[in-house]
Number of protein chains: 2
Amino acid sequence: MVTRREQILAAAAELFARHGFHGVGIDEIGAAVGVSGPALYRHFRSKDAMLGEMLTSISETLLDGGQRRRDAAAPTDVLRELIRFQVDFALDNPSLITVQERNLGNLTDPDRRRVRALQRRYVEVWVRAIRDAWPDLDEPTARAAAHAAFGLINSTPHSRHLGRDRMATMLREMATGALAGMATGLPDSDLSTAS
Amino acid sequence: MVTRREQILAAAAELFARHGFHGVGIDEIGAAVGVSGPALYRHFRSKDAMLGEMLTSISETLLDGGQRRRDAAAPTDVLRELIRFQVDFALDNPSLITVQERNLGNLTDPDRRRVRALQRRYVEVWVRAIRDAWPDLDEPTARAAAHAAFGLINSTPHSRHLGRDRMATMLREMATGALAGMATGLPDSDLSTAS
DNA sequence: CCTCGGGGTTAGCGGTCGTTAAGGGGGTCG
DNA sequence: CGACCCCCTTAACGACCGCTAACCCCGAGG
C-alpha cells in the first residue's frame, strides 16, 4: 500500500527535480496528486518539511543499502556491489537523484546537517571499499574518487535514450574503469587501444 | 579590464550556484557587487536575461574551446585534449558548471533552445572523438558515454579538498579509464588488480 | 559654465507564494 | 442515530520579489 504521504513526496520530487525547490508552488504539488493547495498541510508541517523528509529518506536508503551490501559481499566484491547498487538506484529513481544533487542547499539548517551526516557515512562506506581494493591509496584521493564516481553514475537523469539494461551495463563499466584508471594512474593511457 | 556586466554575472553565478535561480533576489545580487537592487537594470533587461546570457556564454565558450582543440590536435590526441579542456574548465569555473547543470530549466523558452543547441553541438564534438577512437561503437552509446564523462568531470564542485593539480590529474585518469572501460566492455573487471 | 548621459538611489506597485482560518462532507464506531 | 475524525475545500493574510518610476550625482565635451 502506498500512503498519501509517499504519493505526495513522489510528485513533489518530480516537480522539484524539474523546476527546483523554489520554482514549484504548493498548489502545483497539490494539483499533481489531485488535491489542491493547502490540503498538503494535513500531511506535512511545511514545504520545507517535505524536502527535508525527502532528502533524509533518500540518504537513509542509500546508507542502509550500502552497508547491507558491504556486509553481505565477499571482500573482493564489495566495490563491485556498491557500484551495482548505486547504478540501480540512480536508474530507478532519477528524480530523487536529481533533487538530492541540486536541492541540498534549500534545506533547513538542522535538516541539512542530518542529511550531510548520512551522506558522509555513505561516502565513508565507498572510501573504505576503495582503499581495501587499493591499499596504498591515500584517503583524500579515495574520497574525491568516490565523489567523481557518484557524478558519473548520477549523470543518468541527463541522458535517458539508451534503455535501462544497456545503460546499467555501460555505467558499471565506466565506473569500474574510472576507479581502475585512477588507482593505477593511467599514464595518459590507451585512448586508442580499441577493441 | 573587467566590465561591470561581467562582474555582475560572476557574482550572480556564485549565488545561483549556491541557492538556485529562484532562491536569489535581485537585491542580493546587487549587494554582492556593492550596489543595491534595481541598479542592475542599467546593465540587464531582466533577471531572466542574466541567466540567459550566463548560460549562453558558457555554452559558447565550451563549444568554441572544444572545436579549437579538436582542430589543433593530432587525430589520436583529440579525446585526450577534450578531456583536459573540460577538466580545466570545470576546475576553474565551478560555479558556472553548477549553474549550467542545475538551472537550464529556469531559462526562457528561446534562451533554452539556444543553449540546448550549443550544448548539443559540443556533445557532438565529443561523440565524434569517441567514435573515432573506437569505430565500432554505436552513436547512442557514445553519446551516453559522453554525458557520463561530463557527470564525472563536472562533479568537481562537490569535492574540493584535493588541490587543483592532483584533482586535475585524477579527473583525467578517471575520465580516461571510464571511456576505456566502456569501450572495451570490462567484463566486470579488475577491481582487485591493485598497483 | 552648462549640458547631458551613464550609473546610481529610494519608494512603491502588482503579483505570487507559503501558510492559516474557517467550514463542510462522509465513513466508522459506540 | 449521533459523535467523531480524517481529509478536503475556499478565502484571506502577510511577506517577498521582480520591476518601474522618479529623482540625483558627477565627469566629460562644446
Side-chain angles (χ1 to χ4, degrees), chain A residues 1-56 95 99 102-112 115, chain B residues 1-56 95 99 102-112 115:
Chain A
M1 170 213 174
V2 43
T3 79
R4 205 82 226 257
R5 291 174 66 86
E6 297 168 324
Q7 197 182 144
I8 294 170
L9 284 178
E14 203 156 321
L15 289 169
F16 290 166
R18 221 193 313 280
H19 305 106
F21 180 68
H22 290 296
V24 178
I26 284 287
D27 293 0
E28 305 176 52
I29 302 173
V33 298
V35 304
S36 233
L40 305 178
Y41 286 83
R42 295 281 152 193
H43 304 277
F44 295 92
R45 225 200 297 80
S46 69
K47 192 187 172 195
D48 291 311
M50 288 184 214
L51 186 65
E53 183 161 329
M54 191 181 306
L55 292 201
T56 304
S95 49
V99 174
R102 296 186 187 174
N103 295 88
L104 224 164
N106 300 121
L107 284 173
T108 331
D109 283 341
D111 279 342
R112 180 165 46 247
V115 171
Chain B
M1 168 215 176
V2 46
T3 79
R4 206 83 228 255
R5 289 176 67 85
E6 298 169 324
Q7 199 181 144
I8 293 169
L9 282 179
E14 204 155 321
L15 289 169
F16 289 165
R18 220 191 316 278
H19 304 106
F21 180 67
H22 290 297
V24 178
I26 284 287
D27 293 359
E28 305 176 51
I29 301 174
V33 297
V35 306
S36 235
L40 305 178
Y41 287 82
R42 296 280 155 196
H43 305 277
F44 295 91
R45 226 200 296 79
S46 68
K47 192 188 171 195
D48 290 313
M50 287 186 213
L51 186 65
E53 183 160 329
M54 191 183 306
L55 293 201
T56 303
S95 49
V99 174
R102 295 186 188 176
N103 295 89
L104 225 165
N106 301 121
L107 284 172
T108 332
D109 282 342
D111 278 344
R112 179 167 46 246
V115 171

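Convention: sequence-line order gives letters A, B, ...; per-chain numbering from 1.
- Between Val24(B) and Gly34(A), the residue anchored closer to the 5' end of DNA chain D is Gly34(A), taking for each the nucleotide with the nearest heavy atom.
- Of the candidate nucleotides dT9(D), dT9(C), dG18(D), dT9(C) has the atom nearest to the side chain of Val35(B).
- Separating the CZ atom of Phe44(B) from the C1' atom of dG6(C) is a distance of 16 Å, rounded to the nearest angstrom.
- Put simply, CG on Leu40(A) is 15 Å from C1' on dC6(D), counting in whole angstrom units.
- Atom NZ of Lys47(B) and atom CZ of Phe21(B) lie 4.5 Å apart (nearest 0.5 Å).
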Nucleotides 21-28 of chain C: which of its N/O atoms have a protein N/O under 3.5 Å away?
none

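- Shortest non-hydrogen contact noted between Met50(A) and Leu9(A) is O-CD2, 3.7 Å.
- Between Arg4(A) and Ser46(B), the residue anchored closer to the 5' end of DNA chain D is Arg4(A), taking for each the nucleotide with the nearest heavy atom.
- At whole-Å resolution of the value, CG in Asp48(B) and P in dC17(D) are 16 Å apart.
- Taking atom CD1 of residue Ile26(A) and atom P of nucleotide dT10(D), one finds them 16 Å apart after rounding to whole Å.
- One can place CD1 of Ile29(A) at 7 Å from P of dG18(C), the figure rounded to the nearest angstrom.
- Going from atom CZ of Arg45(B) over to atom C1' of dT20(D) covers 15 Å, rounded to whole Å.
- Residues Asn103(B) and Met54(B) fail the side-chain proximity criterion, which asks for heavy atoms closer than 4.5 Å.
- Counting to the nearest Å, the C1' atom of dG18(C) and the CG atom of Asp27(A) are 9 Å from each other.
- For the pair Lys47(A) NZ and dC16(D) C1', the computed distance is 13 Å after rounding to whole Å.
- For Arg4(B), the side-chain contact (heavy atoms from CB on, under 4.5 Å) partners are Gln7(B), Ile8(B), Val33(B), Val35(B), His43(B), not counting sequence neighbours.
- The shortest distance between side-chain heavy atoms of Leu51(A) and Asp111(A) does not fall below 4.5 Å.
- OP1 or OP2 of dC8(D) sits under 4.0 Å from a side-chain N or O of His43(A).
- Here the straight-line distance linking atom CG of Leu107(A) with atom OG1 of Thr56(A) works out to 7.0 Å at 0.5 Å rounding.
- Around atom CD of Glu14(A), no more than 12 heavy atoms belonging to other residues, nucleotides or ligands sit under 6.0 Å away.
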